[in-house]
Peer 1: 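So that we are looking at the same thing, I have put the structure below in structure tokens.
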Amino acid sequence: MSCTTLFEQVLDPDNRANPYPLFAELRRQPVCRQEDGTWVVSTHAEIARLVSDPRISSEDLPDPQKFRWTGHPITDLFIRPIRAEIRRRHQPFIFRDPPDHDRLRGLVMRAFSPERVRRMREETTDLTNELIEKFAGKARIDLVDDFSYPLPVTVICKLLGVPPEDEPQFQGWATQLATALEPNQRADEETQAKNEQCFTEISDFLRDLIKKKRDEPQDDILTDLANGSESGDDDTERMNDFDLIATAVLLLVAGHETTVNLITNSVLTLLRFPEHWQRLRDDPAVAPRLIEEMLRYEPPVQYRTRLAVADIPIAGVTIPKDAPVVLLLASGNRDPDRFADPDRFDPDRPDNRHLGFGGGLHYCVGAPLARIEAEVALVALAKRLKNPRLVEDPPPYRPGASLRGPRHLCLAFDGIAEA
């Protein structure tokens with residue numbers, strides 16, 4: 001099998017349930033050019049090297065000015081081009097390079113403080129138990145709709161300061177905007193048009209919310225970012241409104257989409273290996289190690305795309321300047337040259353330096369929060385669900401290959417225990 005078409009197969013929804021055999025084929029040639037000119041990097045050592053290489057750019061989104069004409073002159077000649085130029089200049093910081101990336105990420109990290117994140121553990125625990133209480137009297141649930149989705153979306157909305165009544169709007173927005181991570185959907189004109197409309201809607205919502213945060217400041221991340229430093233006289237201490245909206249969109253989407261997958265993939269894996277589910281039930285202290293192994297074994301983010309800004313010699317080949325690059329994180333996590341017996345789920349694995357949260361400058365900002373949410377959720381589910389079992393295996397998966405996880409995960413169980 002030629003490696004030059006393998007990534008196309010990775011993107012095929014028919015392979016979503018188990019892409020790992022394709023990754024193993026790709027690793028035979030660590031850096032492989034695909035037929036469309038994309039270079040796929042699939043081994044741990046090469047990914048770890050490139051993830052911090054300044055010759056790899058994160059500014060790889062397509063030009064937002066490429067859209068279909070609507071036939072309305074004012075809209076097509078003025079409004080949409082202006083909006084497109086604003087979007088091009090003010091992408092979310094995961095699609096930005098230094099120095100802009102570093103400045104914006106620094107402001108987010110200051111607002112996303114360790115203390116603020118730690119304070120969310122108690123609220124996450126309360127919310128987790130509230131959601132599980134709703135399982136009472138039921139024999140089956142869809143873990144995604146009934147638990148894995150509402151938990152992280154409520155937590156991130158609480159952190160950002162989004163009113164609870166506005167939370168339901170975000171599922172549709174987040175699902176649509178996540179297509180920006182899929183290389184085979186970026187160039188699709190219909191998808192671009194939907195993303196443009198979606199981004200306009202969420203931007204209008206956030207613009208109004210930001211104004212409220214300035215008029216009536218509260219204890220939340222959006223208030224901190226909207227109001228900047230207390231002195232107000234240092235431009236480096238605040239974001240302009242365009243960057244603020246793009247950052248808020250990123251935090252809302254990434255702040256729950258990945259955690260939905262982490263929780264769901266974890267439950268699916270643990271029920272496939274019931275000895276580990278029982279171990280967690282008997283000893284909740286194993287949860288952190290279990291989650292780290294899950295981030296290696298079934299990571300919620302399978303790959304990230306990049307752009308080469310110079311010729312890059314690596315693994316016996318040269319990635320040419322201006323070539324699109326895919327860092328296949330999930331494949332690096334199963335690399336036998338880095339991990340012994342990599343296809344075995346082993347929470348006691350030593351030296352588990354996985355790529356589940358990426359690496360380098362773009363290491364996941366929300367990693368500490370995701371770990372807390374996953375730990376609280378899994379410990380509570382293991383403790384309270386009586387005899388849980390999978391109704392369908394494999395379950396139906398979401399269409400996207402980058403943020404990979406089940407769209408539904410139906411569980412049968414015999415009741416719930418007291419908290």
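Numbers here are sequence positions counted from 1.
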Peer 1: Which heavy atom of Pro399 sits nearest a heavy atom of Arg16, and at what distance?
Peer 2: O-NH2, 2.6 Å
Peer 1: Holding to side-chain hydrogen bond (donor to acceptor under 3.5 Å, both in side chains), I want the full list of residues that pass it with Thr318, two or more places apart in sequence or in another chain.
Peer 2: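 Not a single residue meets the side-chain hydrogen bond (donor to acceptor under 3.5 Å, both in side chains) criterion with Thr318.
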Peer 1: With the threshold set at 4.0 Å, does a side-chain nitrogen-carboxylate oxygen contact exist between Arg96 and Asp243?
Peer 2: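 A salt bridge links Arg96 with Asp243.
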Peer 1: Can you say whether the rings of Tyr297 and Tyr20 are parallel (under 30°), tilted (30 to 60°) or perpendicular (over 60°)?
Peer 2: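 Ring orientation, 0 to 90° scale: parallel.
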Peer 1: Step through the shown structure and confirm whether more than 12 heavy atoms of other residues, nucleotides or ligands are within 6.0 Å of CD on Gln29.
Peer 2: yes
Peer 1: Is there a side-chain contact (heavy atoms from CB on, under 4.5 Å) between Leu327 and Leu50 once you walk through the steps?
Peer 2: CA-CA 8 Å; Leu327 302 179; Leu50 289 181; 4.0 Å; yes
Peer 1: Run the side-chain hydrogen bond (donor to acceptor under 3.5 Å, both in side chains) test against Arg349 and tell me which residues pass, sequence neighbours left out.
Peer 2: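 In terms of side-chain hydrogen bond (donor to acceptor under 3.5 Å, both in side chains), with neighbours along the sequence ignored, Arg349 is linked to Glu293.
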Peer 1: Is the side chain of Asp142 donor-acceptor paired with the backbone N or O of Cys410 at a distance under 3.5 Å, no angle test?
Peer 2: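 Judged by distance alone, no pair lies under 3.5 Å.
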Peer 1: Under 3.5 Å, side chain of Asn129 to main-chain N/O of Thr125, donor-acceptor pair present?
Peer 2: yes
Peer 1: Assess whether a salt bridge exists between Arg207 and Asp204, defined as any Lys/Arg side-chain N lying under 4.0 Å from an Asp/Glu carboxylate O.
Peer 2: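 Yes, this pair counts.
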Peer 1: How far apart are the C-alpha atoms of Asp220 and Lys213, what are their side-chain angles, what is the distance that settles it, and do they pass the salt bridge (Lys or Arg N to Asp or Glu O under 4.0 Å) test?
Peer 2: CA-CA 9 Å; Asp220 57 59; Lys213 299 298 181 183; 2.9 Å; yes
Peer 1: Scan side-chain atoms only and decide if Gln278 and Asp282 contain a donor-acceptor pair under the 3.5 Å cut-off.
Peer 2: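 The answer is yes; a qualifying pair exists.
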Peer 1: Rounded to the nearest 0.5 Å, how far does CZ of Phe7 lie from CG of Asp36?
Peer 2: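 CZ of Phe7 is found 8.5 Å from CG of Asp36.
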Peer 1: Taking only Lys NZ, Arg NE, NH1 and NH2, and the carboxylate oxygens of Asp or Glu, determine whether Asp97 and Arg306 approach each other closer than 4.0 Å.
Peer 2: no
Peer 1: Indicate yes or no: does Asp146 engage Lys134 in a salt bridge with an N to O separation below 4.0 Å.
Peer 2: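 Salt bridge absent between Asp146 and Lys134.
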Peer 1: Among Arg334, Arg344, Arg296, exactly one meets side chain to side chain contact (heavy atoms under 4.5 Å, CB included) together with Phe339. Which residue is that?
Peer 2: Arg296
Peer 1: For His354, which residues count as a ring pair (Phe, Tyr, Trp, His ring centres under 6.0 Å) partner, sequence neighbours excluded?
Peer 2: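 His354 satisfies ring pair (Phe, Tyr, Trp, His ring centres under 6.0 Å) with no other residue.
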Peer 1: Is a donor on one side and an acceptor on the other found under 3.5 Å between the side chain of Arg103 and the backbone of His101?
Peer 2: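 Looks like no, no N/O pair under 3.5 Å.
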Peer 1: Between Glu298 and Thr269 (side chain of the first, backbone of the second, donor and acceptor by atom type, cut-off under 3.5 Å), is there such a pair?
Peer 2: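 The answer is no, because no donor-acceptor pair under 3.5 Å joins these two groups.
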Peer 1: List in chain and number order the residues that pass side-chain hydrogen bond (donor to acceptor under 3.5 Å, both in side chains) with Asp335, two or more places apart in sequence or in another chain; answer none if no residue qualifies.
Peer 2: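 Asp335 satisfies side-chain hydrogen bond (donor to acceptor under 3.5 Å, both in side chains) with no residue once adjacent residues are dropped.
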Peer 1: Does this structure show an ion pair linking Arg28 with Glu25, if we count only N-O contacts that are shorter than 4.0 Å?
Peer 2: yes
Peer 1: Can you check whether Tyr303's main-chain N or O pairs, donor with acceptor, with Ser402's side chain at less than 3.5 Å?
Peer 2: yes
Peer 1: Counting distance only, does the side-chain N/O of His362 pair as donor-acceptor with the main-chain N or O of Gly358 below 3.5 Å?
Peer 2: no
Peer 1: Quick test of your reading: applying disulfide (SG to SG under 2.5 Å), list the pairs with at least one residue in residues 13-46, sequence neighbours left out, ordered by first then second residue.
Peer 2: Cys3-Cys32
Peer 1: State whether Arg384 and Glu418 are salt-bridged, where the test is any N-O pair (Lys NZ or Arg NE/NH1/NH2 against Asp/Glu carboxylate O) under 4.0 Å.
Peer 2: no
Peer 1: Are Arg289 and Asp348 close enough for a salt bridge, meaning some N to O gap below 4.0 Å?
Peer 2: yes
Peer 1: Looking at every non-hydrogen atom in both residues, tell me the closest pair between Leu369 and Val155 and how far apart they are.
Peer 2: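 In this case the closest contact between Leu369 and Val155 is CD1-CG1, 4.0 Å.
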Peer 1: Looking at Asp351 and Arg353, is there a salt bridge between them, counting it only when a charged N and a carboxylate O are closer than 4.0 Å?
Peer 2: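 Looking at Arg353 and Asp351, the cut-off is met.
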Peer 1: Does this structure show an ion pair linking Asp126 with Arg121, if we count only N-O contacts that are shorter than 4.0 Å?
Peer 2: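 Answer for the salt bridge query: no.
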Peer 1: Assess the residue pair Glu46 and Arg49 against the criterion (salt bridge (Lys or Arg N to Asp or Glu O under 4.0 Å)); give the C-alpha distance rounded to whole Å, side-chain angles, the decisive distance to 0.1 Å, and a yes or no.
Peer 2: CA-CA 5 Å; Glu46 281 66 34; Arg49 171 182 163 187; over 6 Å; no
Peer 1: Do side-chain atoms of Thr43 reach the backbone of Ala45 as a donor and acceptor pair under 3.5 angstrom?
Peer 2: no
Peer 1: Can you see which heavy atom on Arg272 is nearest to which on Pro395, and at what distance?
Peer 2: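 So the minimum-distance heavy-atom pair works out to NH2-CD, 4.2 Å.
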Peer 1: If you compare all heavy atoms of Ala287 against all heavy atoms of Leu280, which two are closest, and at what distance to 0.1 Å?
Peer 2: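 In this case the closest contact between Ala287 and Leu280 is CB-CD1, 3.8 Å.
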Peer 1: Start with the C-alpha distance between Leu411 and Val391, add both sets of side-chain angles, then the distance that settles side-chain contact (heavy atoms from CB on, under 4.5 Å), and finish with yes or no.
Peer 2: CA-CA 5 Å; Leu411 305 182; Val391 173; 5.6 Å; no
Peer 1: List the residues meeting ring pair (Phe, Tyr, Trp, His ring centres under 6.0 Å) with Phe273, not counting sequence neighbours, and say none if there are none.
Peer 2: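 Ring pair (Phe, Tyr, Trp, His ring centres under 6.0 Å) check on Phe273 returns nothing, list empty.
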Peer 1: Could you give me the CA-CA distance, side-chain angles and deciding distance for Asp219 and Arg116, then say whether salt bridge (Lys or Arg N to Asp or Glu O under 4.0 Å) is met?
Peer 2: CA-CA 10 Å; Asp219 181 16; Arg116 175 172 267 153; 2.8 Å; yes
Peer 1: With the threshold set at 4.0 Å, does a side-chain nitrogen-carboxylate oxygen contact exist between Asp145 and Arg407?
Peer 2: yes
